[in-house]
Amino acid sequence: MAEPSEAYLSLARALVAAGAALVQAGQLLQKATGATSALPASSALTLPAGFILPFPDDLTVSQAIKEFLLLKARAGKSDRYLQALRVSLRSFSKGRSDKQVRSVVPAELEKWLQTNKWAPRTQKGYLTDVSILFNWLIKRGLVSHNPARAVELPTILGKPPRIHTPEQARLALELGRKRDLNVCRALAIRYFAGLRSSEVARLEEKEVCVEQGFIEVTAAKAKTRQRRLVTVEPNLKAWLELGGKLPLHDINNRMRFFSEALKTEHGIEWEHNVTRHSFVSYHLAKYRNASRTALEAGHTEQMTFANYRELVTPAAQQEYWAIVPASG
């Protein structure tokens, strides 16, 4: 038997609740009129033969999280996304794993966030994950409201994303070229095509179409699960023509050794997503078109305009897009 859809499960629960209410109303009417015909107890009301609801009415926080993560894994969500969900939801469940999800209130969510003293951005991210969990529970008919919606969060002060200067990007690429040509290839794609680190980790050579002038990010490998074609800029083509091969096997160790060498030799700190932030910033400065940049980067135009506008000067963007391999 196929697993029931969410809509079917919600309808089944609603019908059970409605049936129980009708039985209770019938019992009251029976008592008021003195009728003698027997009516079933509302607690004895059952679903149609052969159908069992997959979750108990007293579902606990830990049970809900387990089922939710399993559902997301079955839906093909990325390993990185699943790991982030595990971290936030396991923190939320600590000390309340046996608590019924329907009894969670906004006050305890606020206490959970404040007690851990996370930065405002982290609080927002963790609360968003809990909110997604409760939205799913609402769809399943297991809770009637989302307590996360009533939580007040501290204001997040906007900080521009960290990017590399053209000189820092050049030093990083030349170091990659000297130490590991495969790493250099991956870095060039991250700097000049803006692919996320997780997307580059799964990228294959057949998707790097240099002669056709684009890199294909398939839906299965994109964070947004939407296919996109990213333009191969002239300087990126020059770096790709050096060679190297993708996918980059053992990428975590290779990037760790590279980042340590970059700091040791050039004093440059390697920060998460610094290549992508650099790409979006310099691309927007070059083309002055948020829609085009957003399309290439695979995120929204609003995000591009809000976070990356006017981060670099015209002179800096010209220098960035002129970065090519040193001769000799």
Side-chain angles (χ1 to χ4, degrees), residues 121 124-125 155-174 176-177 184-201 203 207-219 221-242 262 266 268-326:
R121 194 173 299 276
K124 180 180 179 181
T155 301
I156 298 177
L157 298 177
K159 293 183 179 180
R162 296 294 296 273
I163 66 174
H164 278 166
T165 65
E167 177 64 9
Q168 289 174 324
R170 184 188 66 78
L171 289 171
L173 286 161
E174 289 293 352
R177 178 186 182 185
C184 179
R185 190 173 187 81
L187 286 175
I189 291 172
R190 288 171 61 169
Y191 270 120
F192 302 126
L195 271 67
R196 300 173 176 89
S197 56
S198 60
E199 294 170 340
V200 173
L203 193 66
E207 294 152 351
V208 182
C209 308
V210 180
E211 296 307 317
Q212 289 90 341
F214 66 84
I215 294 173
E216 178 187 11
V217 183
T218 65
K221 297 176 183 179
K223 179 181 178 181
T224 59
R225 292 297 185 262
Q226 292 182 325
R227 176 179 179 268
R228 72 183 191 276
L229 301 179
V230 185
T231 303
V232 174
E233 297 283 344
N235 67 331
L236 174 55
K237 182 179 180 180
W239 286 99
L240 294 176
E241 288 174 344
L242 292 177
L262 186 64
H266 300 296
I268 300 174
E269 293 284 350
W270 189 260
E271 298 187 36
H272 178 63
N273 274 340
V274 67
T275 52
R276 178 171 169 81
H277 293 327
S278 298
F279 166 82
V280 177
S281 300
Y282 291 108
H283 191 279
L284 183 61
K286 177 180 181 179
Y287 292 104
R288 309 300 296 175
N289 187 322
S291 296
R292 177 173 179 173
T293 299
L295 187 64
E296 298 270 339
H299 61 210
T300 65
E301 182 178 347
Q302 291 82 354
M303 180 180 292
T304 300
F305 192 81
N307 296 321
Y308 298 97
R309 183 167 59 99
E310 298 178 354
L311 285 187
V312 299
T313 64
Q317 69 85 6
Q318 289 180 0
E319 185 180 354
Y320 183 83
W321 294 109
I323 299 172
V324 293

Evaluate F214 against V230 for side chain to side chain contact (heavy atoms under 4.5 Å, CB included), listing each step before the verdict. CA-CA 5 Å; F214 66 84; V230 185; over 6 Å; no

Using a strict cut-off of less than 4.0 Å between a Lys/Arg side-chain nitrogen and an Asp/Glu carboxylate oxygen, indicate whether E199 and K223 qualify as a salt bridge. no

Ring-ring centroid check Y320 F192, cutoff 6.0 Å: yes

If you take all heavy atoms of A297 and V280, which pair is closest and at what distance? CB-CG2, 3.9 Å

Distance check, rounded to the nearest 0.5 Å: Q212 atom CD versus L229 atom CG? 10.5 Å

Looking only at heavy atoms, which two atoms of V312 and S281 are closest? And how far apart? CG2-O, 3.7 Å

Hey, does E319 have a side-chain heavy atom less than 4.5 Å from the side chain of R170? no

Indicate the atoms forming the closest heavy-atom contact of T224 with R196, along with that distance. CG2-NH2, 4.2 Å

Side-chain heavy atoms of V208 within contact of V210, under 4.5 Å: yes

Let me confirm one number: the CG-OG distance from L187 to S197, rounded to the nearest 0.5 Å. 11.0 Å

Looking only at atom types and distance, does a side-chain atom of Q318 sit under 3.5 Å from a main-chain N or O of A315, one as donor and one as acceptor? no

R162 atom CZ, neighbour heavy-atom count above 12 within 6.0 Å: no

R185 side chain to L240 backbone, donor-acceptor under 3.5 Å: yes

Is any side-chain heavy atom of I215 less than 4.5 Å from a side-chain heavy atom of L236? yes

Donor-acceptor under 3.5 Å (W321 side chain, Y282 main chain): yes

I need the minimum non-hydrogen distance between S278 and H164, along with the two atoms involved. OG-N, 3.0 Å

Spatial distance of atom CD (Q168) from atom CD1 (I163) [nearest 0.5 Å]: 9.0 Å

State, to 0.1 Å, how close A172 and L262 come at their nearest heavy-atom pair, and which atoms those are. CA-CD1, 3.8 Å

Minimum heavy-atom distance P166-A316, with the two atoms named: CG-O, 3.5 Å

With a 4.5 Å limit on heavy-atom distance, are the side chains of T231 and E296 in contact? yes

What's the separation between atom CD1 in I323 and atom CD in E233, rounded to the nearest 0.5 Å? 12.5 Å

For A326, does its backbone N or O pair with a side-chain atom of E174 as donor and acceptor, under 3.5 Å? yes

Please report the C-alpha distance between L195 and T275 in whole Å, then the side-chain angles of each, then the deciding distance to 0.1 Å, and finally whether the side chain to side chain contact (heavy atoms under 4.5 Å, CB included) criterion is met. CA-CA 8 Å; L195 271 67; T275 52; over 6 Å; no

Could you tell me whether the side chain of R190 and the main chain of R276 form a donor-acceptor pair under 3.5 Å? no

Crowded around K286 NZ? As in, over 12 foreign heavy atoms under 6.0 Å? yes

Rounded to the nearest 0.5 Å, what separates atom CG in L173 from atom OH in Y191? 6.0 Å

Around E211, counting heavy atoms of other residues, nucleotides and ligands shown, do more than 12 lie under 6.0 Å from its CD? no

salt_bridge(E207, K221) N-O dist < 4.0 Å: yes

In Å and rounded to the nearest 0.5 Å, what is the CD to NE2 distance from E167 to H266? 9.0 Å

